[in-house]
Amino acid sequence: MSEFKILGISGSLRRASFNTAALRAAAELAPEGVTVTIYEGLGEIPPYDDDIRTGAGYPAPVEAFRSAVRAADAVIFATPEYNYSVSGVLKNAIDWASRPPEPSFDGKAVSIMGATQGMLGTARAQYDLRKMCVFLNAYALNKPEVMISGAGSKFDGEGRLTDETSRKLIADQVVALRAWALQLRK
């Protein structure tokens with residue numbers, strides 16, 4: 001069987017992002033035969049403007065993002081929670097990727113996780129992202145949910161996830177996402 005490719009998309013641009021660190025944990029904990037690659041170019045994507053898309057076409061950073069999503073077997077979103085929802089940079093990238101032709105997330109298996117200093121572990125942002133998946137025709141994995149609250153105490157100074165419960169949930173989510181994506185292909 002060929003390598004199963006998961007694209008990790010962090011909704012945070014911070015160098016010390018807990019969400020990007022959670023994706024690094026997913027890559028570390030992925031089982032044999034599964035690769036998690038973290039998308040690094042979200043900050044290069046310009047603000048969504050349909051006049052640009054319909055006039056000059058997709059800017060190069062947008063096309064790179066769209067291509068990366070299409071090439072992946074599945075996607076893991078790691079979303080912070082800003083103002084009770086997803087970050088603007090993540091919403092912007094999703095807006096670009098959702099446009100024709102070939103909307104990038106169409107039919108794609110996705111999972112959602114999030115880490116925050118707050119007590120709800122990005123629950124509201126994850127709910128909003130699930131609603132977006134309906135429009136995207138992306139198939140969001142229901143469980144296991146990964147909501148890392150009090151993130152400052154669950155990652156060490158180098159950004160490594162040290163909380164064993166969160167590590168197990170992430171490992172289980174990667175396995176479940178692969179199974180979900182393969183089930184959807186049938």
Side-chain angles (χ1 to χ4, degrees), residues 1-43 68-69 72-87 89-91 93-94 105 108-133 138-184:
M1 180 177 278
S2 64
E3 189 77 9
F4 188 84
K5 298 175 292 201
I6 297 175
L7 181 67
I9 302 171
S10 175
S12 176
L13 300 179
R14 289 180 52 242
R15 282 187 300 278
S17 164
F18 294 125
N19 288 284
T20 304
L23 288 174
R24 285 194 305 272
E28 171 194 337
L29 297 165
E32 186 175 333
V34 176
T35 301
V36 178
T37 303
I38 301 170
Y39 190 78
E40 301 286 344
L42 227 57
V69 171
D73 295 308
V75 170
I76 298 176
F77 289 110
T79 183
E81 186 168 291
Y82 296 163
N83 302 315
Y84 289 3
S85 192
V86 299
S87 65
V89 70
L90 181 57
K91 175 71 168 71
I94 290 170
F105 290 102
K108 191 73 63 180
V110 303
S111 66
I112 302 169
M113 66 171 74
T116 184
Q117 292 278 36
M119 294 180 60
L120 295 179
T122 73
R124 293 172 290 220
Q126 289 192 36
Y127 177 67
D128 282 354
L129 193 47
R130 286 181 181 282
K131 291 189 300 183
M132 285 181 226
C133 286
Y139 299 105
L141 178 71
N142 289 322
K143 293 191 182 210
E145 294 179 304
V146 180
M147 298 178 189
I148 304 170
S149 60
S153 66
K154 295 180 179 170
F155 293 85
D156 67 18
E158 285 77 49
R160 184 172 187 280
L161 181 60
T162 57
D163 180 68
E164 287 305 317
T165 300
S166 299
R167 289 177 64 80
K168 179 167 181 359
L169 285 169
I170 289 173
D172 290 349
Q173 188 183 73
V174 171
V175 169
L177 177 59
R178 180 182 180 275
W180 178 232
L182 294 175
Q183 181 180 343
L184 291 171

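If you're wondering where the values come from, they're calculated on a predicted model, not measured in any experiment. Numbers here are sequence positions counted from 1.
T116 is not listed as a side-chain neighbour of F18, based on a closest heavy-atom distance of 4.5 Å or more. Using a 4.5 Å cut-off on side-chain heavy atoms (C-beta onward), M132 and V86 make contact. In this structure, R130 and N142 have side chains that are in contact, with non-hydrogen atoms separated by less than 4.5 Å. At least one side-chain heavy atom of R160 sits under 4.5 Å from a side-chain heavy atom of R167. Within the 4.5 Å cutoff, the side chain of I9 has heavy atoms near those of the V69 side chain. Taking the side chain as every heavy atom from C-beta outward, I6 and L177 approach each other to under 4.5 Å. For the pair I148/D163, no side-chain contact is recorded, criterion being any heavy-atom separation below 4.5 Å from C-beta on. Looking at L129 and I94, their side chains come closer than 4.5 Å, going by heavy atoms from C-beta outward.
Across all their heavy atoms, G11 and L42 have their closest contact at CA-CD2, 4.5 Å. Contact detail for P80 and S87: the closest heavy-atom pair is CG-CB, 4.1 Å. Heavy atoms only, all atoms of each residue included: G152 and Q117 are closest at N-OE1, 2.9 Å. The minimum heavy-atom distance between P31 and V175, with the atom names listed, is CG-CG2, 4.0 Å. Heavy atoms only, all atoms of each residue included: A26 and V174 are closest at CB-CG2, 3.9 Å. Shown here for F155 and A115, the closest heavy-atom pair between the two residues is CE1-CB, 4.3 Å.
Note that NZ of K5 is 9.0 Å distant from OG1 of T35, once rounded to the nearest 0.5 Å. With rounding to the nearest 0.5 Å, the separation of OG1 in T79 from CG in D128 is 9.0 Å. Here S17 contributes atom OG and I38 contributes atom CD1; the two are 9.5 Å apart, rounded to the nearest 0.5 Å. One distance of note links CE of M147 with CG of L120; it measures 9.0 Å at 0.5 Å rounding. L7 contributes atom CG, which lies 9.0 Å from atom CZ of F77 (distance to the nearest 0.5 angstrom). With rounding to the nearest 0.5 angstrom, the CD atom of E164 is 12.0 Å from the NZ atom of K154.
The main-chain N or O of Q126 is never found under 3.5 Å from a side-chain atom of E81 such that the two would form a donor-acceptor pair.
Surrounding CG of D156 are more than 12 heavy atoms belonging to other residues, nucleotides or ligands, all under 6.0 Å away. In the displayed structure, K168 atom NZ is contacted under 6.0 Å by at most 12 heavy atoms of other residues, nucleotides or ligands.
For the 3.5 Å distance criterion, the side chains of S12 and N19 fail to qualify, holding no donor opposite an acceptor.
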